[in-house]
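Whatever order the structure lists them in is the order used to number ligands and atoms, beginning at 1.
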Amino acid sequence: MPPDTPKQRIAKIAVPCPLYKMFDYRLPVSIGDQTIQPGVRVRVPFGRQKLIGIIIEESQSTDVPANKLKSVIAVLDDHNLLGADILKLLTWASQYYVHPPGDALQTALPVYLRNNDDTTPSLTEYWYVDDSDPLFLDGRSLRALTDEELQLKLKRAPKQLQVYQLLRNAETSHGLDADALNKLTDNWRTAIKALLEKGLIRCDEKPAVLTPNDTDPPSIELTQEQIETVRSIESHEHQHAVHLVNGVTGSGKTEVYLALCETLLAAGKQILILVPEIGLTPQLTQRFQDRLNSNIVVLHSAMNDKQRYAAWHAAANNQAQLVIGTRSAIFTPLPQLGMIIVDEEHDGSYKQQDGFRYNARDLAILRAKNNNIPIILGSATPSLESLNNINEHRYEAHYLKQRANKKPLPAISLVNLCNQKLHEGMAETLLSKIKQHLDQQGQVLLFINRRGFAPLLMCHDCGWTTNCQRCDAHMTYHKRRNQLHCHHCGSQRPAPESCDECGSSNILAIGAGTERIEHYLQETFPDTQVSRIDRDTTRNKGSLQEKLAKAHSGESGILVGTQMLAKGHDFPNITLVCVLDTDQALFSADFRAAEHLAQLITQVSGRAGRAEKPGEVLIQTHHPDHPLLQTLLHKGYQSFADAALKERQAAGLPPAKPLALLRCESVEAHAAQTFLEHAVELSRQVETQNLELFGPLPAPMERRAGRYRYQIMLQSGKRNLLRQFLSWWAPQLQQLPSARKVRWSIDVDPYDTF
Ligand code: ADP
Ligand code: ZN
Ligand code: ZN
């Protein structure tokens, strides 16, 4: 090499692809000796594509022969957009969850940055009338006109006049944006354009943040329990610690969060709040906006790519101090991050169930640790994982045992279904209770985790049932649309008029879902409005909001819903909550089913008796003596959880012993089984003494969406050993010839084994 040739620079780059490795590329000569930060995006040639990758580090040498080494096409950023802490978190997470690093990093980037070189966020345009400018500037009027001048000038343009007046009367200095204008009037765009051309109004842009609401703070005095919790958390001087706020429903956990936020925001910090779902709880955002004097952004999947990126950008640049988001918001860069809150930490939606299968709650804990900041986990029904960590003194527990309004928790009783006459799955005792509560002006919530009219149709003559062609499952009957739907693969077809097997028209709808319950109750209580809240009735934009509003106002006397209704809502008038079906969960093959049932019963029970009238909860079951129900009812969730933890310990299940799954599916059962058999063979190449492999076993639902599904369960008392093994195994599995005919994935700390 001639001495004056500039030194060749090489970088390890994470490229979005399914391979468990980084790729070496030559950096462009044009960058000279400029330092390149890890995390910077680059465009690189990859096969026949040009992809956006992320620089992980610069390296001195490479094993790639010089003639094979490709060059980076362009360096896209001048600094690491993700921030060093996110990069570290992701690198760790891709190893922990045994996921290809390029794909893991890509998951964390806003979609907009995955596809665009450009990093300018779209800002929100707003229009305003400027009072301060001199009357004439470049011969154009920029002063707010007097009413007379205005009438004269816009005599023949009433729409422009209306819009101008709306802008002039806007309460904030930010005038009105499109959202605000849409609420006030329609067809305003042409008028805005004309007013701009006439120089009567101005246009500007602002970042995509929610600014604080200008409302008087409610005079809430924290209860003694709340004060102690806040004090005890703050006594850690904002150092790292994991705090579990274990507070019964309605105990005022959110007030604790608000108090903690106030202190940190005043100190110039940013806060990340993770919630299971935003669409269901718009009140939460509202509450933070009302109470805290900071800019807020929300991040959730219902936003488009541009909106999401703009919100992400505002957080990354400290234009927003509070981020409220769902699962993937854990990857939001926050340069001044001072605290993380994970609300409803037990919720399953924190676990991503496909692709990069991370758990946002667990990554939040790691992020807080890396940043040496506190993290608050809140729940009325903490996960067994978190309770185990309390027992082992890794987390600090704080209890809120009383409801903030001092109202007692509702009385829970069981309705024994054995030998009872049932009406669409409801016992007569239950129906008379409903009547009693309605007569006393109470509101009733019925909970059943099954959409549709009936879980299946059956021929009364020959026993034929409506099975899905592609799954080991029945197709659910939806009466209003007169269709069969498979809730597992999405298949649909018209409901049959006669039996496919024998032609009989004697078809029975077996069992009941929300639609059937709604129908029956509406007939039985014709004077009461029955409202069904499930995915089918809330698909249209705004319909959920409308239904929730009617539930809040008391207009709907009976609410029938799925788990959408179990989360976070505060309906003050509900006096009776009924859980219609518990038996399935009591005998489920899923090892977490009991935990989920107990959480669900406790959470929905918390919806009763929030205001003046005392609440009551009825739970239907054919197994009133079941120990789970007995413990839960007589001793409470905590005792249930203690017992369940002991059972998990005895059975060697998480959290006692970590678990991972190798899942495999294929249209050919044989191909999936063969791959897993090869995987087991492969595992014999290494020492697996402290590692247990079970399988291949069929998944609990063996066929879904036309694919056969099998799995291997892996366990070890030593988490590190399991991790080491998996990170050796995964790239080897990729090389197996039998891997080409199947889809496979590794799931570390799986949420379920289906
Ligand atoms: P959680 O999140 O624990 O379910 P919230 O924080 O939503 O509870 O509080 C439940 C209700 O009690 C809310 O309406 C809230 O305004 C009210 N509340 C909470 N703390 C207090 C308090 N200290 N004094 C009066 N009302 C309170
Ligand atoms: Zn038949
Ligand atoms: Zn199906």
Verify the distance test for Cys486 against the Zn ion (ligand 3): any N/O/S atom under 2.8 Å, yes or no.
yes
Report yes or no: does a heavy atom of Arg287 sit under 4.0 Å from some atom of ligand 1?
yes
His552 and Phe571: aromatic ring centres closer than 6.0 Å?
yes
Using a 4.5 Å cut-off on heavy atoms from C-beta on, say whether the side chain of Cys502 contacts that of Trp464.
no
Just how far is it from atom OG1 of Thr229 to atom CG of Leu400, taken to the nearest 0.5 Å?
4.5 Å
Looking only at the side chains, is there a donor atom on one of Glu702 and Tyr710 sitting less than 3.5 Å from an acceptor on the other?
yes
N/O/S from Cys499 sitting under 2.8 Å away from the Zn ion (ligand 2):
yes
Mind checking whether Ala404 contacts ligand 1 via backbone (N, CA, C, O), side chain (CB onward), both or neither, at a 4.0 Å heavy-atom cut-off?
side chain
With a 4.5 Å heavy-atom cut-off, do Met475 and Arg493 have their side chains touching?
yes
For Gly247, is the nearest heavy atom under 4.0 Å from an atom of ligand 1?
no
Per-atom filter on ligand 1: closer than 4.0 angstrom to a heavy atom of Thr254 are 2 (O), 5 (P), 6 (O), 7 (O)
Return the orientation label for the His487 and His485 ring planes: parallel under 30°, perpendicular over 60°, tilted otherwise.
perpendicular
Mark yes when over 12 heavy atoms from residues, nucleotides or ligands other than Gln469 sit less than 6.0 Å from its CD; otherwise mark no.
no
Please report whether ligand 1 has a polar contact with Gln226, defined as an N or O pair separated by less than 3.5 Å (distance criterion only).
yes
Pairing donors with acceptors under 3.5 angstrom, does anything connect the side chains of Glu234 and Thr263?
yes
Ligand 1 atoms nearer than 4.0 angstrom to some heavy atom of Lys253 are 1 (P), 2 (O), 3 (O), 4 (O), 6 (O), 8 (O)
Hey, is NE2 on His460 packed in by over 12 heavy atoms from elsewhere, all under 6.0 Å?
no
Hey, is the Zn ion (ligand 3) within less than 2.8 Å of some N/O/S atom on His487?
no
Rounded to 10 degrees, the angle SG of Cys462 makes with SG of Cys502 at the Zn ion (ligand 2):
110°
Select one of side chain, backbone, both or neither to describe which atoms of Ile220 lie under 4.0 Å from any atom of ligand 1, heavy atoms only.
side chain
Would you mind listing which atoms of ligand 1 come within a distance below 4.0 Å of any non-hydrogen atom of Glu221?
22 (C), 23 (N), 24 (N)
Does Thr223 come within less than 4.0 Å of ligand 1, judged by its heavy atoms?
yes
